[in-house]
Amino acid sequence: MQFKGKVVELLPLQSGVSRAGNNWKKQFAIVEKPNGNYDPKKICLVVWGDSVDNFRLQVGAEYEFSIDIESREFNGKWYTDVRAWKAVPAQQNEYNQDYQPDYSQEPVMSNSSTDASVEELDDDLPF
């Protein structure tokens, strides 16, 4: 699942060592997602492992997030994680809708080997 949102808060980085002796780290980010005509919705995303360093999330910046939603049971209670596995800054997104092409410059199309006049080109047409 994908959505665009703005980071409004980054919670402190959490880290530790697993039972297997592996280091782990995670960080929660509160993201505000526009909701059409209604108030924006806030979503608490979790970022795990090396993605914490790779994403470099910043408060106030907009991102296109790719997420997985997963629930699990522990001692009779259910817990849900919204895990971000990709975060692309909105201005780097290739489908950014705010992009406006620059039409102020006319394209220059010249080829020195084909500098024939328009009349010469019209004579060669087969129809």
Side-chain angles (χ1 to χ4, degrees):
M1 176 182 283
Q2 293 183 342
F3 72 93
K4 186 185 277 189
K6 181 169 122 179
V7 177
V8 293
E9 185 178 354
L10 286 174
L11 301 180
L13 180 68
Q14 299 175 14
S15 61
V17 179
S18 69
R19 290 183 190 166
N22 299 322
N23 291 329
W24 60 267
K25 60 183 167 182
K26 69 178 178 178
Q27 186 170 32
F28 289 95
I30 310 302
V31 176
E32 196 172 71
K33 177 185 176 287
N35 193 25
N37 295 334
Y38 303 104
D39 292 333
K41 300 293 181 187
K42 291 186 179 172
I43 301 168
C44 181
L45 301 177
V46 63
V47 180
W48 280 91
D50 292 336
S51 295
V52 173
D53 298 325
N54 293 341
F55 292 173
R56 297 182 186 147
L57 298 177
Q58 296 178 1
V59 174
E62 282 195 22
Y63 296 88
E64 177 84 25
F65 291 99
S66 297
I67 62 169
D68 285 330
I69 301 172
E70 180 182 0
S71 296
R72 64 190 180 291
E73 184 266 336
F74 180 72
N75 290 338
K77 294 186 180 183
W78 283 88
Y79 300 90
T80 301
D81 279 342
V82 179
R83 186 179 291 198
W85 54 270
K86 184 178 180 183
V88 178
Q91 66 270 17
Q92 290 183 4
N93 188 343
E94 64 182 319
Y95 300 108
N96 190 348
Q97 295 179 3
D98 295 333
Y99 172 73
Q100 294 292 327
D102 181 15
Y103 293 113
S104 63
Q105 301 272 338
E106 288 190 34
V108 177
M109 299 178 68
S110 68
N111 188 348
S112 60
S113 64
T114 59
D115 283 342
S117 69
V118 176
E119 294 167 0
E120 290 175 0
L121 293 175
D122 286 342
D123 291 339
D124 293 334
L125 294 176
F127 49 88

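Only a predicted model underlies this, so the values are computations on that prediction, with no experimental measurement involved. Counting from 1, the numbers follow the sequence of the chain as shown.
Other residues, nucleotides and ligands contribute only 12 or fewer heavy atoms inside 6.0 Å of the CZ atom of Phe74. Counting heavy-atom neighbours within 6.0 Å of Glu73 CD, excluding the residue itself, gives a total above 12.
For the side chain to side chain contact (heavy atoms under 4.5 Å, CB included) criterion with Phe65, the lone passing option out of Phe3, Trp85, Phe55 is Phe3.
One N or O on the side chain of Tyr63 and one on the backbone of Gln58 form a donor-acceptor pair closer than 3.5 Å.
Under the 4.5 Å side-chain heavy-atom criterion for Ile, Leu, Val, Met, Phe, Trp and Tyr, Leu11 and Val47 are members of distinct hydrophobic clusters. Linking ILVMFWY residues whenever their side-chain heavy atoms come closer than 4.5 Å, directly or via other members, leaves Val59 and Phe28 in distinct clusters. In the hydrophobic clustering of this structure, Val7 does not group with Val88; members are Ile, Leu, Val, Met, Phe, Trp, Tyr whose side-chain heavy atoms approach within less than 4.5 Å, directly or through other members.
Taking NZ from Lys26 and OG from Ser51, the interatomic distance works out to 14.0 Å, rounded to the nearest 0.5 Å. Rounding to the nearest 0.5 angstrom, the gap separating the NZ atom in Lys42 from the CD atom in Glu9 is 8.0 Å. In this structure, CD in Glu32 is found 10.0 Å from CD in Glu62, a value given to the nearest 0.5 Å.
Between Ala90 and Lys4, the closest heavy-atom pair is CB-CE, 4.4 Å. Annotation for Gln27 and Val52: closest pair OE1-CG1, 3.8 Å, computed over non-hydrogen atoms. Of all the heavy atoms in Leu45 and Val31, the pair that sits closest is CD1-CG2, 3.6 Å. Smallest separation of non-hydrogen atoms from Thr80 and Ser71: OG1-OG, 2.8 Å.
Taking Trp48 as the reference, Trp24 meet the ring-ring contact (aromatic ring centres under 6.0 Å, His included) condition, with sequence neighbours excluded.
Looking at Ile30 and Cys44, their side chains come closer than 4.5 Å, going by heavy atoms from C-beta outward.
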